[in-house]
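One structure below.
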Amino acid sequence: MKIGYPCINRSIGCTPNRTFRLASYSKERLIETIEMNLESLEMMIEYNIERGLLFLRITSSIIPFASHPVCRYDWKRHFKAHLRSIGKMIKKAKMRISMHPDQFTLINSKDVHVYKRAVRELEYHADILDLMGLNRDAKIQIHVGGVYDDKLASMKRFIARYRKLSKKVRKRLVIENDERLYSLFDCLVISKAAKIPILFDSFHHSILNNDENYYDALKSVSKTWKRLDGLPMVDYSSQRPEGRVGAHTESIDLENFKKFLKSVDGIDFDLMLEIKDKEESALKALHLSRHLHLK
DNA sequence: AGTTGTCAAGCTAGT
DNA sequence: ACTAGCTTGACAACT
């Protein structure tokens, strides 16, 4: 099991998340920001490798405005070598990579313009992973999308639109169960029809479910990942005390985490900790997982 | 230097 | 038909 945290590190003093306002867009500003982001990403990767955190989610903001019409600069060509060298570091360390486009990336939208923008956004994510030279176990995770007053029709639209995606996107795209609209069960229905792997979010599942326990849930999800897809990816978080239902905790609750690990003991997967204090909790989790006597 | 409002993108629930 | 809320880090404009 590889363990990681998403997008940013709070202790190295730089972020791969830098962006700027659309109003201040310029080619120079774009290049400068991407350069800083890629350097920060490299520092983050080094930090993680040194500490044994081998699962990383790369932020979607790494190339600001990448899929926006304002961005007509050929950043792919300009940063090809840099991205390739980052990919080499990743592969050398056998690090696992995921990306998670934002909530407006909706391929099942009724609005065809939203759908088209989503496709461009997914292509951009796939380009990053391709330019890094990563194999198809590097994944792009999205939610199924909106319900639009007709869940079945919206699920069908997802499947039909998924089938039309380019191969470079399809080989990396996975769906994640959410906590309000599409449960694990819904995802399984879609997965069966579209042959798309499911990324299991344990926290969402604890809020929206059909009474499947973690073990059975993860077992059924594991079957949706083929050999070339790599191990299943799992997102883990827990409820922030006194927060709104679904609010992610500030810092890892080790008792809850231990219980979760024990409940899915015997199933192999890579684990992303969606916790606000990022690397701090990830390191605690890594330490705990190494000292638990599991199968 | 520190604080606060605002930012490319959408959906849903509530009025 | 319209708007607040979701969630969230960092920019940008303001004290």
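The sequence lines fix the lettering, A, B, ..., with proteins before strands; numbering per chain opens at 1.
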With sugar-phosphate meaning primed atoms plus P, OP1 and OP2, does [X] contact a base, only sugar-phosphate, or nothing at under 4.0 Å between heavy atoms?
X	result
A:Lys278	nothing
A:Tyr148	sugar-phosphate
A:Val70	nothing
A:Ser24	sugar-phosphate
A:Arg21	base
A:Arg29	sugar-phosphate
A:Ser61	nothing

Q.
Looking at the base of B:dT12, is there any donor atom on it, or on the side chain of A:Arg180, that sits under 3.5 Å from an acceptor on the other one?
A. no
Nearest-Å distance, [atom1] ([X]) to [atom2] ([N])?
X	N	atom1	atom2	answer
A:Arg120	B:dA8	CZ	P	16 Å
A:Arg240	C:dT8	CZ	P	8 Å
A:Asp150	B:dT12	CG	C1'	16 Å

Q. Is there a Watson-Crick or G-U wobble partner for C:dA4 with both distances under 3.5 Å, and which nucleotide is it?
A. B:dT12
Q) Do we get A:Lys151 above A:Tyr182's six-membered ring, with its NZ or CZ under 6.0 Å from the centre and within 45° of the axis? A)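 That pair qualifies as a cation-pi contact.
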Q.
Against A:Phe260, only a single residue in A:Tyr236, A:Phe200, A:Phe203, A:Tyr215 fulfils ring pair (Phe, Tyr, Trp, His ring centres under 6.0 Å); can you say which?
A.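 Passing option: A:Tyr236.
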